[in-house]
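Since this is a predicted model, take the numbers as computed values, not measurements.
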Amino acid sequence: MDRLDELDAAINSLMNRMEIVERFLSKQAQQTESTLVYPFSDPPNPSIKFISVHHSASRADVDRSDVIAWHQNNGWPAEHSGYHAFIKATGEIEWGDMDATLKYIVGHQNPHTLGVCLAGNFHPSEAGYTGHPTPAQLKSLREMLAIWQSRYPAAKVVPHKFFGGTVCPGDTLAAWLEENYAN
């Protein structure tokens with residue numbers, strides 16, 4: 001084999017390896033592509049400055065209706081109860097209301113904040129700790145935050161405790177947010 005044949009064989013081998021890598025990367029991209037669609041046709045709410053992430057501080061098998069009932073038991077009016085979105089342990093997203101709907105979720109910044117809540121208790125030192133959010137919850141959260149960030153590029157993604165007076169959304173979810181959304 002002369003030098004050109006060796007070079008040609010090396011190039012072919014490299015091209016075959018590159019094709020394998022490209023197929024792998026394409027498969028990975030397909031697995032992470034989101035099919036999540038924002039369910040409302042409302043225009044972006046110009047007052048939104050924050051996207052606040054919460055945990056239900058409860059069992060992991062709750063849903064949005066449970067949280068709404070808890071909020072209403074605290075005396076909050078029905079139209080301000082719950083969150084803009086709720087993510088069940090299965091990763092299923094239960095959308096609440098349009099972005100312009102005021103929710104009682106973070107105190108003094110409620111008019112400027114979208115809120116999402118994940119089912120579970122992610123604070124290790126609290127009774128009823130359920131561990132980390134499920135991979136399905138984190139996948140849905142990432143997809144949902146991508147939609148909201150595309151609607152509100154200047155909005156800061158923050159844990160509920162950013163506003164003070166709480167450990168919500170628990171240390172494990174707050175650490176994940178810090179790792180993935182620190183500004």
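In this structure, V116 is not a member of the same hydrophobic cluster as V67, with clusters built from ILVMFWY side-chain heavy atoms closer than 4.5 Å.
The pair R151-D42 meets the salt-bridge criterion, since a charged nitrogen lies less than 4.0 angstrom from a carboxylate oxygen.
Figure legend: cation-pi geometry between R64 and Y83 absent, as NZ or CZ is not positioned both under 6.0 Å from the six-membered ring centre and within 45° of its axis.
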Show, in sequence, the C-alpha distance, side-chain angles and deciding distance for T130 and R59, and conclude whether the side-chain contact (heavy atoms from CB on, under 4.5 Å) test is met. CA-CA 7 Å; T130 59; R59 300 178 329 269; 5.5 Å; no
Go through H160 and V106 one step at a time and tell me if the side-chain contact (heavy atoms from CB on, under 4.5 Å) criterion holds. CA-CA 7 Å; H160 179 196; V106 295; 3.8 Å; yes
Applying side-chain contact (heavy atoms from CB on, under 4.5 Å), run through I105 and L114 and close with a yes or a no. CA-CA 9 Å; I105 52 178; L114 294 175; over 6 Å; no
Are S125 and H123 close enough, and set up right, to give a side-chain contact (heavy atoms from CB on, under 4.5 Å), and what steps lead you there? CA-CA 6 Å; S125 64; H123 197 67; 3.2 Å; yes
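Across every non-hydrogen atom of N121 and G128, the tightest pair is CB-O, 3.4 Å. Residues A174 and P169 approach most closely at N-CG, 4.0 Å, considering heavy atoms. Across K161 and T166, no two heavy atoms sit closer than the pair CB-O, 3.1 Å. Nearest heavy-atom pair, V157 versus L177, reported as atom, atom and distance to 0.1 Å: CG1-CD2, 4.1 Å. Of all non-hydrogen atoms in T134 and A89, the two that sit nearest each other are OG1-O, 2.7 Å. Contact between I147 and V37 at its shortest, heavy atoms only, is CD1-C, 4.0 Å.
Atom CD in E94 sits 8.5 Å away from atom CD1 in I68 (nearest 0.5 Å). With values rounded to the nearest 0.5 angstrom, L141 atom CG is found 6.5 Å from L173 atom CG.
For the residue pair D171 / Y129, no side-chain donor-acceptor distance below 3.5 Å is found, with atom types taken as modelled. Neither side chain, N45 nor Y152, offers a donor N or O lying under 3.5 Å from an acceptor on the other. In this model, a donor atom of one side chain and an acceptor atom of the other lie less than 3.5 Å apart for H54 and S52.
At least one donor-acceptor pair closer than 3.5 Å links the side chain of S56 to the backbone N or O of G120. When atom types are taken as modelled, the side chain of T172 and the backbone of F122 share a donor-acceptor pair closer than 3.5 angstrom. The backbone N or O of S81 sits less than 3.5 Å from a side-chain atom of K103, completing a donor-acceptor pair. Panel note: side chain H80, backbone L102; a donor-acceptor pair is recorded below 3.5 Å. Although no hydrogens or angles enter the test, the distance criterion places no donor-acceptor pair under 3.5 Å between the side chain of H84 and the main chain of I51. S47 contributes a side-chain N or O that, together with a main-chain N or O of P111, makes up a donor-acceptor pair within less than 3.5 Å. Between the side chain of D66 and the backbone N or O of V62 there is no donor-acceptor pair closer than 3.5 Å.
Side-chain contact between V53 and Y181: absent, with no pair of heavy atoms (C-beta onward) separated by less than 4.5 Å. By the 4.5 Å heavy-atom criterion applied to side chains, W148 and I48 are not counted as neighbours. Taking the side chain as every heavy atom from C-beta outward, L36 and M144 approach each other to under 4.5 Å.
In this pair, F162 and F50 present their aromatic rings tilted. The plane angle is within the 30 to 60° band. Taking the six-membered ring where the residue is Trp, W76 and Y104 present perpendicular rings, their angle passing 60° and hence far from 30°. Aromatic ring pairs are classed by plane angle as parallel below 30°, tilted from 30° to 60° and perpendicular above 60°; the pair F40 and Y38 is perpendicular.
Q72 CD: more than 12 foreign heavy atoms inside a 6.0 Å radius.
Ring to ring, F86 and W95 are not that close: their centroids are 6.0 angstrom or more apart.
Evaluated for a side-chain contact (heavy atoms from CB on, under 4.5 Å) with I87, the options Q137, E143, K139, E92 yield exactly one hit, Q137.
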